[in-house]
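Below, read A as the first sequence line, B as the second, and so on, with proteins coming before strands; counting in each chain starts at 1. Values in this document were obtained by computation on a predicted structure and should not be read as measured data.
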2 protein chains.
Amino acid sequence: MFGKGTDVCCGSCPHAWPNFKNLTSAEMKEMSESRFQSSFTAGETIFKAGSPTSSAVFLSSGIAKIYLEGFDGKKIILGLAKPGYLLAGPGNYVDSTHHYSVVALTDVSACFIDMNLIKSYVQKNPLFAEGYLKDISLKSLRIFYKMISLAQKKMPGRMAEGLLELADEVFKSDEFAPILSRQELGEFTGMAKENVVRILKEFCNEGIISTNGSTITIMDKQKLQLISANG
Amino acid sequence: MFGKGTDVCCGSCPHAWPNFKNLTSAEMKEMSESRFQSSFTAGETIFKAGSPTSSAVFLSSGIAKIYLEGFDGKKIILGLAKPGYLLAGPGNYVDSTHHYSVVALTDVSACFIDMNLIKSYVQKNPLFAEGYLKDISLKSLRIFYKMISLAQKKMPGRMAEGLLELADEVFKSDEFAPILSRQELGEFTGMAKENVVRILKEFCNEGIISTNGSTITIMDKQKLQLISANG
DNA sequence: GGCTTGAGTTGATATTTATCACTATATTAG
DNA sequence: CTAATATAGTGATAAATATCAACTCAAGCC
């Protein structure tokens, strides 16, 4: 399914990027009428690092993984995008190129908004520009802390942190389906997939989590927070 | 030495942040007249993570290290700041707090500019806002690549990359004084100081660099680039 | 159904990296 | 000048982590 997105105005979309609130209704209407919508099935690539940032992408439903491509095809999953998350990245104002790749983890429907339009609002609308700055700043900060975690915490600490992030920020629940494979969980927490298995098993044995079939449930959140904090 | 910086206008300062070119002459004059200047000797802290971002800081001379504070007092040096580098960080638009610390490596003289003034120019001056976005975007990108390097390269690769960054981007010369101690070089390349020593020695033995007293000279840049690229 | 494929899992092993203990060499303070 | 302190350097060891080689199990396919 794809096409011009003329059905609902972005202004009334419950999943819109918060910063769109700073647009005038004329700007909102213009943007809304010029956007494109497209669907992706789980596993499909929404955009790849290296491709031009011709559009800003927003999910209206589904979840996608955002990852950096390293050496030898190794990946680092920076985080998961949900509706309301601006998918454009810092390359937009540097070399007009994406520097991370985005792949749908579930079936996804996405809105594509012309980047030149976004950039023109940045120039015309100071509040919108400030909102964009806030967005990119917050994402930078998260990268800082991800970097500290990867560089200084040991595997159990990183896994605990990763599970807490999935529970608290992505799924908003202490019980969640394994939207990420063990391989991906490893790319998310910076370890080999074999070690993901071992550490999850360890957490199970200690009663910190339980893995019912393919669902992970956090049983002892305090302990998990302790492990995360102590590295 | 410190005080109001009324001697030279920022507009004619050869070390000014490039984005200041986008200010009107009235804005430039206002900013120039309200700024404060201060000096730091090598080793002194310019600001600490956690402190409020009340001012944007620019060096007019000297070099400073920018680092994240991790666990157990461990540090990650993100990079070195020279004149022309905006020292404010992404916390400014998130929680008005610095998230990295900055310490002078050489004697430094610095200009402090009221952050509210900067923020007001972001709102009044779209070109300035765009320049700010570009600045923060570029810094984000660098963090991406630093992160990949730390997560996926092995020690020799990280050291090679670090030396190349010092030569090509900081000192603009293949021979440079050891402004960073072995400890700091370790914080910069993500390894223990003992391993810094061992790898530098290894590089010496292979004729890739030479350490004359306390100066590092890159002898075989191609080889260094190869080591950096191959992880 | 039987076959293939890929994810999950496990144990053994190799590699990488940190830590520890110590010496040497500076550099600074008194 | 000398003691004290920080940095540099070295080797041995321990810890952390990746890699390799199986094996299991389930899903999809001819």
(Q) Rounding to an integer number of Å, can you tell me how far B/Arg198 CZ sits from D/dG11 P? (A) 9 Å

Q.
I want to check something: taking the side chain as every heavy atom from C-beta on, are A/Asp174 and A/Thr217 in contact at a cut-off of under 4.5 Å?
A. no

Q: Write down the distance between CD (A/Glu194) and P (D/dA16), rounded to a whole number of angstrom.
A: 19 Å

Q.
Checking B/Ser228 against B/Lys153: is there a side-chain donor and acceptor pair closer than 3.5 Å?
A. yes

Q. Under 4.0 angstrom, heavy atoms only, what part of the nucleic acid is B/Lys193 near: base, sugar-phosphate, or nothing?
A. nothing

(Q) For the residue pair B/Glu69 / B/Ser101, report whether a side-chain donor-acceptor contact shorter than 3.5 Å exists. (A) yes

Q) Hey, what's the ring geometry for B/Tyr100 with A/Phe144, parallel, tilted or perpendicular (30° and 60° as the breaks)? A) tilted

Q.
I'd like to check B/Leu150 versus A/Leu150 (side-chain heavy atoms, cut-off strictly below 4.5 Å). Are they in contact?
A. no

Q) If an axis is fit to five pairs at each end of the helix from C/dG1-D/dC30 to C/dG30-D/dC1, what is the angle between the two, to the nearest 10°? A) 30°

Q.
If the condition is side-chain hydrogen bond (donor to acceptor under 3.5 Å, both in side chains), which residues does A/Thr53 pass it with, not counting sequence neighbours?
A. A/Asn92

Q.
Reading DNA chain C in the 5' to 3' direction, which nucleotide is the first one with an atom under 4.0 Å from a heavy atom of chain B, and which is the last?
A. C/dT16 to C/dC20

Q: Name all residues meeting the ring pair (Phe, Tyr, Trp, His ring centres under 6.0 Å) criterion together with B/Phe71; count only those two or more places apart in sequence or in a different chain, and write none if there are none.
A: none

**Q.** A/Asn212, CG atom: more than 12 neighbouring heavy atoms under 6.0 Å
**A.** no

(Q) Set out, in order, the CA-CA distance, both residues' side-chain angles and the distance that settles side chain to side chain contact (heavy atoms under 4.5 Å, CB included) for A/Leu224 and A/Asp220, then state yes or no. (A) CA-CA 6 Å; A/Leu224 209 53; A/Asp220 189 344; over 6 Å; no

Q: For the pair B/Trp17 and B/Phe58, name the ring-plane relationship: parallel under 30°, tilted 30 to 60°, perpendicular over 60°.
A: tilted

Q: Please report, rounded to the nearest Å, how far the P atom of D/dT7 is from the CD1 atom of B/Ile179.
A: 15 Å

Q. Do the side-chain N or O atoms of B/Arg182 get closer than 4.0 angstrom to the phosphate oxygens (OP1, OP2) of D/dG9?
A. yes

Q | Those residues of residues 150-159 of chain B lying under 4.0 Å from DNA chain C by at least one heavy atom | A | B/Lys154, B/Met155, B/Arg158

Q: Figure out the NZ/C1' separation between B/Lys201 and D/dG11, and round it to whole Å.
A: 10 Å

**Q.** Contact list for residues 173-220 of chain A, test ring-ring contact (aromatic ring centres under 6.0 Å, His included), sequence neighbours left out
**A.** A/Phe171-A/Phe176

